Amino acid sequence: MVQQGHIVPYRTFILVWLTLMVLTVVTVAVSRLDLGAWKIWTALGIATVKSALVVFFFMHMKYEPLYYRIYLYLTLVILAIFIGLTFSDVHYRMTP
Amino acid sequence: MNPPLLTTAETIDPVFWYILGVCIFFLLLITVVMLYFVWKYHRSRHPYTTSQVSKNVPLEIVWTLVPTLLALSMFWYGWAGYLTLQRVPEGAMVVDVTGRMWSWLFEYGNGKTSDRLYVPAGQPVQVNIHSADVIHSFYIPAFRVKKDAVPGMTTYVWFVADRPGSYDIFCAEYCGTAHSAMITTVEALPPEEFLAWYEGEGPAEADGELKALLTRHGCLGCHSLDGSPGVGPTLQGIFGRQVTVLVDGQERTLTADRDYLRRSILEPQVEMVKGYPPVMPSYRDRIPEAELEEMLDLFERPASAAAPSGEKLAQDKGCIGCHSTDGSRQVGPTFQGVFGRQVTVERNGQPVTIEADEDYLRRAIVEPQAEIVQGYPPSMPPYSELSDEELAALIDYLRGL
Amino acid sequence: MEESIKAAGSDDRGFLGGERGLRSWIFSTDHKRIALLYLWSIMSFFLVGMTLGFLIRLELIAPGATIMGAQTYNALFTLHGVIMIFLFIIPVVPAVLGNFLLPLHIGAEDVAFPRLNLLSWWFYLIGALMALASLFTGGGPPDTGWTFYVPFSTQTTTNVTVAAWAVFVLGFSSILTGLNFLTTIHRLRATGVTWNRLPLFVWAIYATAWIQLLATPILGLTVALIAIERIFQIGLFDPARGGDPLMYQHLFWIYSHPAVYIMILPGMGIISEIIPTFSRRRIFGYWAIAVSSLAIAFAGSMVWSHHMLASGMSDMGVFVFSLLTFLVAIPSAVKVFNWLATLYKGTIWLAPPMLYALTFLVLFSIGGLTGLVVGSAGTAIHTHDTHFVVGHFHYVMFGGAIFAFFGGLHYWLPKIYGRMYNLRLATWAWGILTVGFNLLYFPMFILGMQGMPRRYYDYLPQYTTLNVVSTVGSWILIAGLLLMLWNLWRGSRSGPPAGMNPWGGRTLEWTIASPPPKENFPGEIVVSTDPYDYHTGEGHS
Amino acid sequence: MSQTHGSYGTAKLGMWLFLFTEIILFGGLFVLYAVYYYFHPQGFASASHELSLGFGTVNTLILLTSSLFVAASLSALQKGERRLTLLLLSGTILVALIFLVNKYFEWSEKFAHGIYPNGPAMPNLAPGEVVFFALYFVTTGLHGIHVLIGGVLLTVIAFGVRRGSIHQGDYVKLENSGLYWHLVDLIWIFIFPLYYLIL
């Protein structure tokens with residue numbers, strides 16, 4: 001049986017790759033600035049955008065059925081719960 | 001007196017009753033409804049299904065909401081109780097406790113230490129909890145308080161013993177071989193008695209230097225001083241004893257000299273005494289060099305210097321449970337005037353009359369069954385674990401009676 | 001139908017017939033044969049775990065040393081926990097009944113990845129053998145308890161490293177099974193098996209598979225960190241080197257609390273199948289039960305730190321996790337009420353599977369309700385790490401999950417082997433088991449309230465009486481268990497033919513021969529009925 | 001949604017579900033990172049200075065490029081351009097090797113300074129720095145193992161393409177191995193800022 005997946009044009013991939021390259025340079029550059037507490041959030045924000053590009057284009061998530069995306073978000077929500085609820089303990093510890 | 005203080009037990013017990021009450025109600029409800037349905041609709045009484053109803057939204061909503069509300073009320077009540085456990089009343093006496101494998105050591109404001117927790121009755125006490133090695137848990141069931149002793153952290157509990165008495169303290173977090181032996185007590189004393197103890201020479205000091213030192217480092221959780229078996233070998237007469245150790249699986253016999261004792265405290269895993277589990281933690285960096293030297297000195301000191309008291313031995317070993325000192329007849333012959341007395345004993349089934357001299361007394365303690373005094377039951381156990389010094393002390397004591 | 005089985009002659013052994021010999025089993029990719037591989041291997045470990053539990057109880061019959069030393073006792077309860085949790089109760093329902101029934105329930109020929117399914121069993125076997133190897137190698141059997149708490153587990157000289165890797169491998173087995181089932185449910189449903197026609201057992205397996213998939217990796221990581229810590233001393237949990245011992249507990253329970261739902265959810269699925277069949281009545285609240293399974297799986301991922309209420313965690317942590325714990329109790333309550341409502345105006349047949357299911361309702365309720373006591377912050381402090389907790393989780397795990405599994409065995413064994421066991425003996429075994437169970441575990445609630453900590457080799461004399469009762473209970477329990485297992489074993493070998501549908505079930509497995517043929521269904525099937533298609537006026541034949 | 005959809009979608013769903021477990025596996029390490037960073041922001045910053053930003057950036061850029069190669073190789077195979085597919089796959093495998101060699105140099109440099117678990121330099125560091133390096137070695141080590149597995153997987157696939165067992169009509173093995181490789185990239189996208197950039 002012939003497998004029929006979506007064929008993504010090279011052009012799209014190259015554009016995504018260029019964006020990723022630029023974002024990497026940006027995140028390194030931004031890390032040289034003195035942003036205080038925002039530093040980590042900027043770095044993570046850029047990383048999130050980069051990973052979204054990889055997931056949606058390189059990994060074809062954009063072209064998969066809806067429930068793939070729902071499951072991906074479910075996984076991320078679970079991970080966020082693991083981190084977030086752990087902080088309900090450690091953030092309020094009296095003796096860290 | 002201060003205004004009456006709600007004790008931790010008085011705070012938590014109503015929470016127990018409320019939650020257990022709700023639990024029992026629901027359990028009965030479920031069980032009774034189930035049994036009733038099973039009886040009513042059993043196929044012998046109800047051979048055909050008479051309903052096909054498969055959903056009822058209002059019912060679903062009711063039996064979702066009612067448990068939710070009840071659950072929230074139970075949560076809130078429990079949380080309020082927990083807050084009481086966490087909020088130490090003002091003016092609480094502060095004691096530090098350190099858990100280690102496998103004993104507790106309490107340290108008071110004036111530097112005094114003890115292996116039991118002495119507190120004044122009626123006064124709140126805050127116990128700050130530390131751990132010297134692994135995680136333990138400081139648990140006093142009578143006061144419904146418990147908190148883990150975590151290395152690198154200080155935790156606490158508070159409680160008030162509203163009347164004098166003795167309450168159990170357990171280790172509730174599994175911590176190795178002698179976990180279940182890591183128990184001691186809270187001794188709640190009337191305030192004036194507590195003050196006398198607090199300011200006077202406490203029982204911990206009275207028990208002698210060596211014992212105090214060993215208590216402080218938690219040795220006595222596993223090693224006894226009186227020859228009784230424990231997790232590790234007894235420390236009674238340890239100095240100069242021949243021991244068989246395992247080195248890399250090879251048996252080796254050596255004399256427990258100063259060097260060996262030092263090694264076995266700092267690197268216990270290297271030369272483990274055969275027949276004991278390899279569970280002792282290393283005390284490197286945990287025991288100051290000066291105290292280690294002092295401990296070795298005390299081990300080495302000839303036993304006579306720390307002469308055991310014959311009278312105390314007679315009490316500790318349970319002799320006076322059967323032998324009186326006032327001439328009265330009990331399970332065994334009286335100790336009064338026993339030295340030099342003419343006794344008739346059964347030796348190999350033959351009655352023999354001999355004088356109870358030092359040799360005989362020694363035999364009668366170590367190997368009592370060989371020569372039982374006529375007219376007494378042969379129920380005395382052999383006391384072969386007594387050291388020569390202890391035997392000498394006991395016989396000295398008997399001589400004086 | 002029974003005639004057809006007799007008439008079929010040599011073919012009547014279904015998937016059990018055909019290829020013979022060990023190789024045809026241990027390299028089989030047939031989901032039914034793999035289910036039986038799991039059944040035999042898991043039940044062997046159950047017998048080992050049960051023997052260890054029996055010895056633990058025997059030691060506790062009196063204070064002080066009774067039959068063993070403290071170190072032996074500590075190794076025994078560690079092994080009892082590791083075997084019962086990782087080798088028995090986590091895999092038992094999904095791997096045995098799930099494997100056997102899932103393709104049958106959805107009208108499929110096999111699971112989505114049959115070879116991966118076989119690989120999962122091999123991982124299970126290798127992990128189990130590694131766990132056994134930890135007893136005889138290195139510094140002797142692990143003595144840390146199944147929780148492997150640091151820093152004790154990184155300091156003890158016993159062979160924790162091998163045991164940790166064993167758990168790691170077992171985790172792989174569990175993940176691959178979950179992945180396989182999720183894909184199967186998604187992709188292999190026969191035409192007409194829509195999401196609202198899935199048997200509730202399948203819904204339960206679906207919810208379970210998600211937990212297996214999304215929680216187990218954390219366990220793998222945690223035990224790997226223990227092993228790495230022991231080999232390289234990296235100090236990730238050592239406060240002197242910037243670590244935090246409580247973070248180990250967080251990571252451990254992030255998996256191990258959801259794991260509790262891996263154990264109980266499939267059991268609940270079994271109950272949802274047995275009750276309608278033996279009441280001849282459509283299940284009450286299909287969607288409430290299905291959705292509550294998903295709700296339990298999801299909410300169950302958010303309550304792990306209620307195992308740490310006395311650990312020195314912050315008060316905010318206690319607040320959050322205690323609150324969430326109470327919320328997770330609600331979907332369980334909803335399930336129980338819906339099962340009760342299913343009995344209403346049905347016609348109830350107290351056959352052995354139904355007896356186990358009804359006992360489950362009571363025992364699980366006791367387990368669940370006492371969970372409220374240990375979930376409430378104030379009372380948790382007193383009962384934490386006491387025998388109350390031991391009683392609580394044995395009621396949930398044994399009285400809940402395992403009673404459900406026993407009910408499932410009695411329900412489906414005639415389908416698996418095509419033969420019926422002795423119903424009267426099964427009823428007797430159930431009775432003895434139930435009496436022994438309550439005698440064994442109920443005293444633990446009282447012991448815990450009186451303050452007896454768990455994992456105690458020796459105890460103070462005031463706890464003696466209840467410990468004696470409990471130990472005597474363990475003897476009765478084991479008598480019942482052995483009678484039950486012997487009866488099932490004998491029935492499966494030489495019982496009378498059971499026929500295609502001995503209980504009158506409506507799910508798809510009852511429409512094919514017992515034992516099922518190798519290819520399950522004759523080609524592609526189209527399903528047009530509901531799995532609980534009972535009507536008024538139905539009775540038991 | 002039934003068997004008629006064939007094994008293509010089934011295999012892909014299975015792979016994605018497996019990738020979710022990988023995300024959670026590394027997620028556990030990110031939980032530890034978040035907490036320990038919160039406890040020791042100073043120690044983390046000063047230890048992070050010790051890492052080579054050059055190595056980190058180069059590794060990020062080449063890993064992203066390798067992801068492009070893999071993604072494009074799938075499109076190439078789907079279009080039947082077998083030679084291009086093989087070329088792109090070889091490029092990816094080469095990048096995997098370069099990444100590992102880079103990692104080797106990076107680690108050896110740390111080892112040379114006595115910075116490794118229980119190494120001679122560790123007792124002189126602050127607790128926050130020690131735990132930073134502990135996490136660094138575990139995380140990049142685990143990631144390195146994944147790079148290795150991904151590289152081997154793609155090599156096997158490349159031989160399959162060469163032999164013709166993986167072709168225009170049956171490419172799900174390439175697609176799944178590609179997904180795995182992208183995941184390795186994805187994890188690195190987060191490791192890079194967390195360990196090299198937070199300073």
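A note on names: the letters A, B, ... follow the listed sequences, proteins ahead of strands, and every chain is numbered from 1. These numbers come from a predicted model, not from an experiment.
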Exercise for review: Select one option (side chain, backbone, both, neither) describing which atoms of V150(B) are under 4.5 Å from chain C's heavy atoms.
Suggested key: side chain
**Study point:** Flag side-chain contact, heavy atom, 4.5 Å: W287(C) against V57(B)
**Key:** no
Study note, to complete from the structure: The reported gap from CD in Q462(C) to CG in D168(B) (rounded to nearest 0.5 angstrom) is 5.5 Å
Check your understanding: Which residue out of A333(C), P331(C), P245(C) racks up the most heavy-atom pairs below 4.5 Å with chain B?
Key -> P245(C)
Study note, to complete from the structure: Nearest heavy-atom contact between H382(C) and F16(B) is CD2-CZ, 3.6 Å
**Study point:** Under 3.5 Å: donor-acceptor pair, side chain of K146(B), backbone of A310(C)
**Key:** no
Check your understanding: Side chain, backbone, both or neither: which part of V318(C) has a heavy atom under 4.5 Å from chain B?
Key -> both
Check your understanding: For I183(B), is it the side chain, the backbone, both, or neither that has a heavy atom closer than 4.5 Å to a heavy atom of chain C?
Key -> side chain
Review point. Measuring heavy-atom distances to chain C, does T155(B) have an atom under 4.5 Å in its side chain, in its backbone, in both, or in neither?
Key: side chain
Practice item. Would you name the heavy atoms of L372(C) and C23(B) that are closest together and state the gap between them? Key: CD1-SG, 4.3 Å
**Study point:** M449(C) versus chain B, the contacting section by heavy-atom distance below 4.5 Å
**Key:** side chain
Revision key, fill the gap. All heavy atoms of P453(C) vs all of A172(B), minimum pair found to be CB-CA, 4.2 Å
Point to revise | Inter-residue atom distance D148(B).CG - L246(C).CG, 0.5 Å rounding | key: 8.0 Å
**Study point:** Within-4.5 Å side-chain heavy-atom neighbours: F152(C) and M101(B)
**Key:** yes
Exercise for review: Output the option from M452(C), Q450(C), R454(C), H384(C) having the highest count of non-hydrogen pairs under 4.5 Å with chain B.
Suggested key: H384(C)
Study note, to complete from the structure: Comparing I381(C), T325(C), L343(C) against chain B, the one with the most heavy-atom pairs below 4.5 Å turns out to be I381(C)
Review point. What part of Q71(C) lies closer than 4.5 angstrom to a heavy atom of chain B: side chain, backbone, both or neither?
Key: both
Check your understanding: In terms of heavy-atom contacts, does OH of Y167(B) have more than 12 from other residues, nucleotides or ligands at under 6.0 Å?
Key -> yes
Practice item. Mind ranking A70(C), S322(C), A341(C) by heavy-atom pairs under 4.5 Å with chain B and telling me who comes out on top? Key: S322(C)
Practice item. Find the one option among C171(B), P67(B), G81(B) whose heavy-atom pairs under 4.5 Å with chain C are most numerous. Key: C171(B)
Review point. Under the 3.5 angstrom rule, does the side chain of T49(B) hit a backbone N or O of R280(C) as a donor-acceptor pair?
Key: yes
Practice item. Classify the angle between the aromatic ring planes of F319(C) and F75(B) as parallel (below 30°), tilted (30 to 60°) or perpendicular (above 60°). Key: perpendicular
Point to revise | Validation row: I283(C), S54(B) side chains within 4.5 angstrom (heavy atoms) | key: no
Review point. Hey, does the side chain of Y73(C) reach the backbone of T177(B) with a donor-acceptor pair shorter than 3.5 angstrom?
Key: no
Practice item. Pick one of side chain, backbone, both or neither for L358(C), based on which atoms fall under 4.5 Å of a heavy atom in chain B. Key: both
Review point. What part of Y139(B) lies closer than 4.5 angstrom to a heavy atom of chain C: side chain, backbone, both or neither?
Key: side chain
Review point. Considering only heavy atoms, which portion of L85(B) lies under 4.5 Å from any heavy atom of chain C: side chain, backbone, both, or neither?
Key: side chain
Review point. With only heavy atoms counted, which part of S153(C) is less than 4.5 Å from chain B, the side chain, the backbone, both or neither?
Key: neither
Exercise for review: Please step through side-chain contact (heavy atoms from CB on, under 4.5 Å) for the pair W79(B) and D315(C), ending with a clear verdict.
Suggested key: CA-CA 10 Å; W79(B) 170 247; D315(C) 287 352; 4.3 Å; yes
Practice item. List the atom of G176(B), the atom of N74(C), and the distance in Å for their closest heavy-atom pair. Key: O-ND2, 3.4 Å
Point to revise | Heavy-atom side-chain proximity of V53(B) to F284(C) below 4.5 angstrom | key: yes
Check your understanding: Considering only heavy atoms, which portion of P151(C) lies under 4.5 Å from any heavy atom of chain B: side chain, backbone, both, or neither?
Key -> both
Point to revise | R281(C) side chain near S51(B) side chain, heavy-atom distance below 4.5 Å | key: yes
Exercise for review: Specify whether Y174(B) and F77(C) have parallel, tilted or perpendicular ring planes, treating 30° as the upper limit for parallel and 60° as the lower limit for perpendicular.
Suggested key: perpendicular
Study note, to complete from the structure: Heaviest contributor of heavy-atom pairs below 4.5 Å to chain B, chosen from T370(C), T147(C), T342(C), L350(C), is L350(C)
Review point. F326(C) and L72(B): side-chain contact (heavy atoms from CB on, under 4.5 Å), yes or no, with the steps?
Key: CA-CA 7 Å; F326(C) 274 94; L72(B) 288 177; 5.7 Å; no
Study note, to complete from the structure: Answer key: most heavy-atom pairs under 4.5 Å with chain C among V145(B), N56(B), I140(B), D133(B) is N56(B)
Review point. Under 30°, 30 to 60°, or over 60°: which ring-plane class applies to Y456(C) and H179(B), parallel, tilted or perpendicular?
Key: perpendicular
Check your understanding: Between atom OH of Y41(B) and atom OG of S279(C), what is the distance when rounded to the nearest 0.5 Å?
Key -> 11.5 Å
Review point. Can you find a pair of side-chain heavy atoms, one from L309(C) and one from Y82(B), that are under 4.5 Å apart?
Key: no
**Study point:** Engaged part of S292(C) at the chain B interface, taking heavy atoms whose separation is under 4.5 Å
**Key:** neither
Practice item. Keeping the roles fixed (side chain from R144(B), backbone from T383(C)), state whether a donor-acceptor pair exists under 3.5 Å. Key: no
Point to revise | Contact class of D13(B) relative to chain C, heavy atoms under 4.5 angstrom | key: neither
**Study point:** Evaluation steps, side-chain contact (heavy atoms from CB on, under 4.5 Å), between Y48(B) and T536(C)
**Key:** CA-CA 7 Å; Y48(B) 303 107; T536(C) 50; over 6 Å; no
Revision key, fill the gap. If one checks every heavy atom of I129(B) against chain C at 4.5 Å, the contacting part turns out to be neither
Review point. Checking E173(B) against chain C: side chain, backbone, both or neither under 4.5 Å from a heavy atom?
Key: both
Point to revise | Pairwise distance OG1(T347(C)) to CZ(R43(B)) - rounded to 0.5 angstrom | key: 7.5 Å
Review point. Do V134(B) and Y149(C) come close enough that some side-chain heavy atom pair is under 4.5 Å?
Key: no
Practice item. Return the option, out of Y457(C), Y286(C), W339(C), F278(C), with the maximum number of heavy-atom pairs under 4.5 Å with chain B. Key: Y457(C)
Review point. Of the backbone (N, CA, C, O) and the side chain (C-beta and beyond), which part of T156(C) lies under 4.5 Å from a heavy atom of chain B, both, or neither?
Key: neither
Check your understanding: Given that the side chain runs from C-beta out, which part of V336(C) has a heavy atom under 4.5 Å from chain B: side chain, backbone, both or neither?
Key -> side chain
Exercise for review: Take L460(C) and F170(B), measure what side-chain contact (heavy atoms from CB on, under 4.5 Å) needs, and give me the verdict at the end.
Suggested key: CA-CA 10 Å; L460(C) 295 179; F170(B) 295 126; 3.6 Å; yes
Revision key, fill the gap. Pair count under 4.5 Å, heavy atoms only, with chain C: among M182(B), K55(B), Q52(B), R45(B), highest is Q52(B)
Check your understanding: Is there a donor-acceptor pair under 3.5 Å between the side chain of H46(B) and the backbone N or O of G346(C)?
Key -> yes
Point to revise | Contact class of D238(C) relative to chain B, heavy atoms under 4.5 angstrom | key: neither
Study note, to complete from the structure: Closest non-hydrogen atoms of D458(C) and S180(B), given as atom of the first, atom of the second and distance, are N-OG, 3.2 Å
Point to revise | Smallest separation among heavy atoms of S376(C) and G78(B), with atom names | key: OG-CA, 3.2 Å
